[in-house]
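This report refers to the structure that appears directly beneath it.
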Amino acid sequence: MKLDPRTKMVMAICLSSLALLYDTPDRLLLLLAATVALLLLFRFNPGAVWGYLKPFLSLMLFLFVIQSIFSPGGAVLLAAGPVPLVTSQGLSTGASVVLRIMVVTASAMLFTTFSSRDFILGLVQWKVPYELAFMVAIAIRFLPVFRDEMINVVTAVQLRGVELKKVPWGKKTAMYRRLFFPIVFGAMLKAQQLAVAMEARGFRAYPRRTYLRRLDLRRADYMSMLLFLSATLTLMGADVMVK
Amino acid sequence: MMEAVTVQSLTYQYRPGGPFVLKGIDFQVPQGEFVVMTGLSGCGKSTLCFCLSGAIHHNRDGVMAGEITVNGKNIREMRPAGRALEVGMVFQNPDTQLFSQTVEDEIAFAPENLCLPPERIRERVESVIALLGIAALREASPYQLSGGEKHLVALAAVLALDPPVLILDEVLSQLDSAGKKKVAAVLRKLHGIGKTIIAVEHNLESVAFADRLMVMENGSLIRFDRTETILADRDFMDAGRLLYDHKIFNGVS
Ligand SMILES: Nc1ncnc2c1ncn2[C@@H]1O[C@H](COP(=O)(O)OP(=O)(O)O)[C@@H](O)[C@H]1O
Ligand SMILES: [Mg+2]
């Protein structure tokens, strides 16, 4: 299905808002299923979905464990003597946190189903100032650069004979702090070069800018946006009423 | 005739207190002239190009002294985007200057900044694509091209801006011989329509039609003279100050 980037943005915002509102695993799971179905509809390859989620796995596991331990309640499932370790409430909170992150990440992936050119066009046609539209588009584009830079630095450290997996946790954080600067520096250098290159071609010469192409919202776009917005508002309203 | 570029007592250091990469350079290039800058690697050609295009101002640690004017305007007093309308530059490293997702978008970027109506943007894009013969690359991603193709696209993107002065840093170096011939012909055509061109080039055979040669050595301009005069100066040529294939040239002349 071919939809306008603005339609996809509205969808992503609707899905993430619901994810932030919902706090039970069953609803969040349904939401995740809907998001993934949507991604597949936009020809997003399931392997790529997995690829995006994979780096967050250890973080999610960590959050799951922390949340399970620190939000006790309900039936005790596992205890060490008098201290409850795993409770039903804890498990459900842990699962909710993880699912929420997954929904937000997956809906953010909707942004990768269109080009940054279309993204900019969409925003500009919605009267967003063009400097701002470019800034957002570039920030999104730089996320993979950050990731690659991270991989480069980690590889460089490993080439020096340090195996990250074997470094104890305490030392690891100290090391990551040292790695942080080359990564940020590398990304800033790239951003700077990009700024030079863009200005060398007259970017921001005038307060206005024109475009070779234009995007047009079609009926499918209006229908989808209407559907998503009304469904989201209804669900949100229902949630508030119940509470 | 009016001077397109004037340079007065130009010096440059990449950091305060560091070595002088440019050591007091003076020259003038009149409008419409085609100048080829040459000299051994590391002598400061790229640095001079960055100064001329104003791009060096982005290097905050660098120290530039002296004056540069382009079309009578002091380069220091122009905004970066305003400078771009006066002088276009193709960098030696093409990777740092391509940022769009398709070649066509890359070329359209400059005329879009000029606020041209879409039909006029389309015209410019098409004419530059035709001029450089890169229609086959139109939908390609600039990142996935070869070094020579990237230079072609960067050149196309700058030509779409249509600046009166062009600074080209080794754009021919990564092309095969057919590509070199093609781009040299394009440069000749641009020269013909009155553009001022300063092109860095090692391989003098492909740009022997240049009006003047500028020879750099270790941060200084050691010779700036008519091409045929320098090429005929056997003592100078034999001193090994330029990379240049005598045999091919002697065969031609
Ligand atoms: N960003 C930089 N920082 C510090 N020194 C540099 C930088 N770029 C170039 N140089 C130095 O300046 C000198 C001239 O370099 P460059 O202008 O690239 O020469 P050319 O283009 O003639 O090969 C070289 O000694 C080089 O090492
Ligand atoms: Mg150079």
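Keep in mind the model is a prediction, meaning the values are calculated, not measured. Just so we're on the same page: letters track the sequence lines, and every chain starts at 1.
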Counting only N and O atoms by type, is there a donor-acceptor contact under 3.5 Å from the side chain of [X] to the main-chain atoms of [Y]?
X	Y	value
Gln101(B)	Ser116(A)	yes
Glu112(B)	Leu212(A)	yes
Thr96(B)	Gln193(A)	no
Arg201(A)	Gln97(B)	yes

Shorter than 4.5 Å, heavy atoms on both sides: which option in [options] has the most such pairs with chain A?
options	answer
Leu98(B), Leu161(B), Asp105(B), Val87(B)	Asp105(B)
Ser100(B), Ala108(B), Ala84(B), Ala160(B)	Ala84(B)
Ala81(B), Ser53(B), Ala55(B)	Ala81(B)
Met89(B), Glu119(B), Arg120(B), Arg122(B)	Arg122(B)
Ala154(B), Pro118(B), Gly88(B)	Pro118(B)

Who pairs with Lys189(B) by side chain to side chain donor-acceptor pair (under 3.5 Å), at least two apart in sequence or on another chain? none

Can you tell me which portion of [X] sits under 4.5 Å from chain A's heavy atoms? Options are side chain, backbone, both or neither.
X	result
Ala157(B)	both
Glu86(B)	neither
Pro163(B)	neither
Arg83(B)	neither

Atom pair CG/OH of Asn113(B) and Tyr206(A) - distance to nearest 0.5 Å: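 Asn113(B) CG to Tyr206(A) OH: 10.0 Å, rounded to 0.5 Å.
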
Just verifying a value: how many Å separate Tyr211(A) OH and Phe109(B) CZ, rounded to the nearest 0.5 Å? 9.0 Å

List the atom of Leu116(B), the atom of Thr210(A), and the distance in Å for their closest heavy-atom pair. O-OG1, 2.5 Å

For Phe91(B) and Ala200(A), which heavy atoms make the closest approach, and how far apart are they?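 Looking at all heavy atoms of both residues, the closest pair is CZ-CB, 4.5 Å.
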
Tell me, yes or no, whether the heavy-atom count around Gln8(B) atom CD, taken from other residues, nucleotides or ligands under 6.0 Å, exceeds 12. no

Any chance OH of Tyr143(B) has more than 12 other-residue heavy atoms, nucleotides or ligands included, within less than 6.0 Å?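 Yes.
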
Trace of the salt bridge (Lys or Arg N to Asp or Glu O under 4.0 Å) decision for Arg213(A) with Glu104(B): CA-CA 11 Å; Arg213(A) 297 160 209 277; Glu104(B) 190 176 273; 2.4 Å; yes

Based on non-hydrogen pairs under 4.5 Å, which of Arg204(A), Arg209(A), Arg208(A), Glu199(A) is most in contact with chain B? Arg209(A)

